[in-house]
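Comments concern the structure below.
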Amino acid sequence: MLDAWIQTTPERPAEAEEVYNDVLDLLSIKMRLTVFRVVGDDPKNWFMKTIRHSGFSSRILNINKIFTDSHIGEFKDQSYMESAVIPRLLQVHKTQQPCIELVKTRLLGVNLGYDRILLPQRNLRGPDWIISSSFARFLLSPPQHREQLEVADEAIVQLLIEGASAKEIAVTLGLSHRTVEHRLERMKQRYGARNVVHLVAMLIATHLDRSSYNDSSSAIPEPASDAGA
């Protein structure tokens, strides 16, 4: 898609379809493709239309239902738009240069992470559209109740995250296998987790929730000078 975008010129602005058509069948199940139509100077009036929904489903959030075709200002979670979407849209609209980044943010109270590339139309008058392609990394719902873990529990959780089994954890920490199982059951009850995997996901989400969610991005090299700005 990036190659197709580079072939466009600001003197003869291309339609968004010319950039993404050839890659639609290549997108993985965890990828979404959206086109933002620029309407005026206020990005909340810009219209976002889904070109391809993600095939990835989750009990935590129904992404396809949340991201319906609408104006940005009509989106359910405006804090998400104002922190994770609008600033980048304005940036690429102004520079007419792509933006590639790992986005770590919150959507409707859920910790969300995804890779994103934004491609603005190259147009002497300014972009009429911006393509957004995203690849889901994680959806993590933090527990409703905050709990203070004991040192032994924190050690168990850390080893779980590293892929250790309950038996391996018991050997590493010098505990009995039954003690480790008992502590895991107690943590599941305290956090309302359905199983150990769910418990670990909740604890990771809690850690992420405590961290600052600053977007990290890396711009790609500018195209050759004969391609325009």
Side-chain angles (χ1 to χ4, degrees), residues 26-33 52-67 76-77 79-85 88 99-117 132-218:
L26 303 177
L27 300 180
S28 75
I29 192 173
K30 297 178 70 176
M31 297 183 73
R32 287 179 51 84
L33 190 68
R52 185 185 185 278
H53 284 290
S54 169
F56 176 72
S57 61
S58 170
R59 296 180 182 179
I60 300 175
L61 281 180
N62 187 333
I63 294 294
N64 293 335
K65 185 176 181 180
I66 294 170
F67 284 90
K76 293 180 180 180
D77 189 341
S79 62
Y80 163 76
M81 283 293 174
E82 291 169 359
S83 62
V85 179
R88 283 294 188 260
C99 176
I100 300 175
E101 61 188 341
L102 168 62
V103 180
K104 294 183 292 183
T105 184
R106 288 173 65 83
L107 173 62
L108 297 175
V110 174
N111 293 318
L112 175 67
Y114 56 92
D115 295 320
R116 176 174 66 192
I117 178 171
S132 174
S133 175
S134 59
F135 179 86
R137 290 295 181 185
F138 62 80
L139 288 169
L140 295 174
S141 180
Q144 296 180 352
H145 304 290
R146 303 292 181 181
E147 299 284 352
Q148 184 68 38
L149 291 179
E150 298 175 11
V151 174
D153 290 339
E154 289 182 348
I156 290 172
V157 169
Q158 180 60 46
L159 291 170
L160 278 174
I161 294 173
E162 294 175 5
S165 67
K167 290 183 179 179
E168 292 170 332
I169 292 172
V171 172
T172 301
L173 300 181
L175 302 173
S176 70
H177 179 235
R178 186 172 181 178
T179 297
V180 172
E181 292 285 0
H182 173 72
R183 284 184 172 273
L184 287 173
E185 285 300 320
R186 187 175 63 178
M187 281 191 280
K188 284 191 292 183
Q189 292 175 6
R190 289 166 62 185
Y191 281 95
R194 292 185 294 272
N195 50 50
V196 173
V197 173
H198 190 203
L199 172 66
V200 173
M202 283 181 151
L203 293 167
I204 293 174
T206 301
H207 173 72
L208 290 171
D209 199 36
R210 292 171 182 166
S211 305
S212 58
Y213 266 73
N214 294 323
D215 288 357
S216 59
S217 63
S218 56

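Residue numbers start at 1 and run along the sequence shown. Worth knowing before you read on, the calculation uses all heavy atoms, side chains too, and leaves out hydrogens, waters and symmetry mates.
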With sequence neighbours excluded, residues passing side chain to side chain donor-acceptor pair (under 3.5 Å) with [X]:
X: H177; answer: E181
X: T172; answer: none
X: Y80; answer: Y114
X: E162; answer: Q158

Restricting to non-hydrogen atoms, name the atom on [X] and the atom on [Y] that form the minimum distance, rounded to 0.1 Å.
X: N64; Y: S54; result: ND2-O, 2.8 Å
X: L160; Y: A164; result: CD2-O, 3.8 Å
X: A84; Y: T105; result: CB-OG1, 3.8 Å

Task: Residues that F135 engages under ring-ring contact (aromatic ring centres under 6.0 Å, His included), provided they are two or more places apart - done: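 For F135 there are no ring-ring contact (aromatic ring centres under 6.0 Å, His included) partners, ignoring immediate neighbours.
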[atom1] of [X] to [atom2] of [Y]: how many Å apart, nearest 0.5 Å?
X: L173; Y: L159; atom1: CG; atom2: CG; answer: 5.5 Å
X: I117; Y: E101; atom1: CD1; atom2: CD; answer: 10.5 Å
X: M187; Y: H182; atom1: CE; atom2: NE2; answer: 10.5 Å
X: S134; Y: F67; atom1: OG; atom2: CZ; answer: 7.5 Å

Open item on the list: With side-chain contact (heavy atoms from CB on, under 4.5 Å) as the test, pick out the partner of R116 among V85, L102, I100.
Closed with: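 Going through the options one by one, the only one that passes is V85.
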Counterpart residues, salt bridge (charged side-chain N to carboxylate O under 4.0 Å, His left out), relative to [X] (two or more places apart):
X: D77; result: none
X: R32; result: none
X: K188; result: E185
X: R52; result: none

TODO: Would you please name every residue forming a side chain to side chain contact (heavy atoms under 4.5 Å, CB included) with I66, sequence neighbours left out?
DONE: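 Once residues adjacent in sequence are excluded, the partners of I66 under the side chain to side chain contact (heavy atoms under 4.5 Å, CB included) criterion are L61, F75, L108.
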Open item on the list: Can you list everything that forms a side chain to side chain contact (heavy atoms under 4.5 Å, CB included) with E82? Sequence neighbours excluded, please.
Closed with: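 Partners of E82 under the side chain to side chain contact (heavy atoms under 4.5 Å, CB included) test: K44, Q78, I86.
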Task: Pairwise side-chain contact, L184 with I169, heavy-atom cut-off 4.5 Å (strictly under) - done: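 A side-chain contact is absent here, since even the closest heavy-atom pair is not under 4.5 Å.
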Open item on the list: Are L27 and L33 packed together at the side-chain level, in the sense that at least one heavy-atom pair is separated by less than 4.5 angstrom?
Closed with: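 L27 vs L33: side chains touch.
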- [ ] Take atom CD1 of I29 as the centre, draw a 6.0 Å sphere, and report whether it contains more than 12 heavy atoms from other residues, nucleotides or ligands.
- [x]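 No, CD1 of I29 has 12 or fewer neighbouring heavy atoms, counting only those of other groups under 6.0 Å.
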TODO: Count the heavy atoms of every other residue, nucleotide or ligand shown that sit under 6.0 Å from NZ of K30, and state whether that count exceeds 12.
DONE: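 Yes, the 6.0 Å shell around NZ holds more than 12 heavy atoms from other groups.
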